[in-house]
Each structure stands twice: as C-alpha cells, then as structure tokens.
Amino acid sequence: MLKVYGIKTCDSVRKALRFFKDNEIEVDFFDFKKESPSSDLIDTWIEKSDLNLLFNSRGTKYRTLKLKELNLDDNGKTEWLKKEPMLFKRPVVEYDGKVLVAFNEDIYKETFL
C-alpha cells in the first residue's frame, strides 16, 4: 500500500490525496502534525530521493526559523529535517520501495496509473 506523508492543510497534499481517491488507489496517511518520522526513515528517504528535493527551503517554517541565514550544508539540512517535519516538501509518498516527493499530476499519472 502507498503511504503518503504530509499535513492535511497543505494544498499539494490535498491534491495528491484527491488524485489517489479519484483513481481509487488506497493510501495510508501519516500526519506530520501528529507524529514525526523516525530518524532512520528520514535517512532512507534521503538515500532514495534527493535531500534538496526533500528539504523545503521555500516554506513558511524555513522562513520562520530563519534557516537561510545559517547557510546549511547537507548535514545541517538533515539535522533540521529530523527536528522539524514541517520542513519537508510535501507530500512524501512511499511506494514499491521508492520515494516520490511533491505533487506533480503528470508524474503521478505516469507512476501510479
């Protein structure tokens, strides 16, 4: 089963969940507001994806925490993702041992339909 990580109030997450529902694809939803992904899980995502894709440097949380001023390297970004799940670009989707980050309808159609 697909696992979708994100928050329900995020537009991209809502679009992804709507896409799966419209195409009758069952998903398991993990809410970043209720729990944080484990350190090991985050390491796996970074391995299977791209840290710079996972790390949302355009979001509100990034600006609020003034992370731009820290000029984070990869280790710094990883540490922050482990402390603050709101820094993930959303949604993060796990399927078939792979990880897909963000919502792009064309990529979703190609991947899941």
Side-chain angles (χ1 to χ4, degrees):
M1 181 186 295
L2 295 177
K3 192 153 188 178
V4 178
Y5 296 80
I7 57 173
K8 297 228 181 205
T9 53
C10 172
D11 276 347
S12 298
V13 172
R14 283 202 296 251
K15 286 177 190 165
L17 291 174
R18 192 172 319 115
F19 172 88
F20 291 128
K21 187 177 181 185
D22 292 349
N23 290 288
E24 297 178 4
I25 298 169
E26 204 177 317
V27 300
D28 183 14
F29 184 73
F30 182 102
D31 193 335
F32 284 149
K33 286 202 170 168
K34 293 185 180 151
E35 50 184 324
S36 296
S38 72
S39 178
D40 289 346
L41 182 59
I42 292 168
D43 289 337
T44 302
W45 289 350
I46 292 167
E47 231 172 75
K48 293 181 179 184
S49 181
D50 177 341
L51 176 61
N52 293 313
L53 187 58
L54 283 162
F55 189 86
N56 186 357
S57 56
R58 292 198 182 131
T60 311
K61 184 56 79 174
Y62 180 79
R63 289 193 298 275
T64 314
L65 292 169
K66 296 182 172 39
L67 296 182
K68 187 177 182 136
E69 295 161 21
L70 299 179
N71 200 12
L72 298 169
D73 62 7
D74 287 356
N75 287 340
K77 288 177 184 175
T78 302
E79 277 177 43
W80 272 102
L81 285 174
K82 290 178 180 183
K83 279 190 275 199
E84 183 46 80
M86 292 301 142
L87 288 168
F88 280 102
K89 188 168 281 181
R90 301 176 296 260
V92 176
V93 181
E94 288 181 333
Y95 67 101
D96 294 338
K98 298 182 187 110
V99 174
L100 186 63
V101 181
F103 178 74
N104 176 315
E105 191 165 5
D106 294 335
I107 292 173
Y108 273 49
K109 283 179 180 170
E110 201 177 285
T111 307
F112 302 112
L113 299 184

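Everything numeric in this text was worked out from a predicted model, so none of it was measured.
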S.K.: Sequence neighbours excluded, which residues qualify as side-chain hydrogen bond (donor to acceptor under 3.5 Å, both in side chains) partners of D43?
M.R.: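 If we apply the side-chain hydrogen bond (donor to acceptor under 3.5 Å, both in side chains) test to D43, skipping adjacent residues, the hits are K82.
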S.K.: Kindly indicate, with the supporting measurements, whether the criterion side chain to side chain contact (heavy atoms under 4.5 Å, CB included) is fulfilled by L113 and I25.
M.R.: CA-CA 9 Å; L113 299 184; I25 298 169; 4.1 Å; yes
S.K.: A side-chain contact here means heavy atoms from C-beta on lying under 4.5 Å apart; do V27 and L17 qualify?
M.R.: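 Side-chain contact under 4.5 Å: yes.
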S.K.: Tell me, which pairs form a side chain to side chain donor-acceptor pair (under 3.5 Å) where one or both residues lie in residues 46-58, sequence neighbours left out?
M.R.: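 Counting only pairs at least two positions apart or across chains, the side chain to side chain donor-acceptor pair (under 3.5 Å) contacts touching residues 46-58 are N52-K77.
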S.K.: Given D11, which partner from the list K15, K8, R14 fulfils the salt bridge (charged side-chain N to carboxylate O under 4.0 Å, His left out) test?
M.R.: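 One option only clears the test, and that one is R14.
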S.K.: May I ask you to decide if F32's main-chain N or O and S36's side chain share a donor-acceptor pair within less than 3.5 Å?
M.R.: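 No: the side chain of S36 does not pair with the backbone of F32.
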S.K.: Here's one to test your reading of the geometry: is the NZ or CZ of K89 within 45 degrees of the ring axis of F55 and under 6.0 Å from its centre?
M.R.: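 The answer is no, since K89 fails at least one limit relative to F55.
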S.K.: Do any pairs count as a ring pair (Phe, Tyr, Trp, His ring centres under 6.0 Å) and have a residue in residues 67-87, sequence neighbours left out, and if so which ones?
M.R.: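 For residues 67-87: none.
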S.K.: Determine which pairs satisfy side chain to side chain donor-acceptor pair (under 3.5 Å) with at least one residue from residues 61-74, sequence neighbours left out, and list them in order.
M.R.: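 Those involving residues 61-74 do not exist here.
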S.K.: Per the side chain to side chain donor-acceptor pair (under 3.5 Å) rule, what does the pair list look like for residues 92-113, sequence neighbours excluded?
M.R.: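 Every side chain to side chain donor-acceptor pair (under 3.5 Å) pair that includes a residue of residues 92-113, provided the two are not neighbours, is Y5-E94, W45-E94.
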S.K.: Report whether V13 and F112 are members of the same hydrophobic cluster (ILVMFWY, side-chain heavy atoms less than 4.5 Å apart, transitive linking).
M.R.: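 Yes; tracing contacts between hydrophobic side chains, which count when under 4.5 Å, links both residues.
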S.K.: Output all residues satisfying salt bridge (Lys or Arg N to Asp or Glu O under 4.0 Å) with K21, sequence neighbours left out; order by chain, then residue number.
M.R.: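 With sequence neighbours excluded, K21 shows a salt bridge (Lys or Arg N to Asp or Glu O under 4.0 Å) to no residue whatsoever.
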S.K.: Under the salt bridge (Lys or Arg N to Asp or Glu O under 4.0 Å) test, which residues partner K3, sequence neighbours left out?
M.R.: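 K3 satisfies salt bridge (Lys or Arg N to Asp or Glu O under 4.0 Å) with D28 only.
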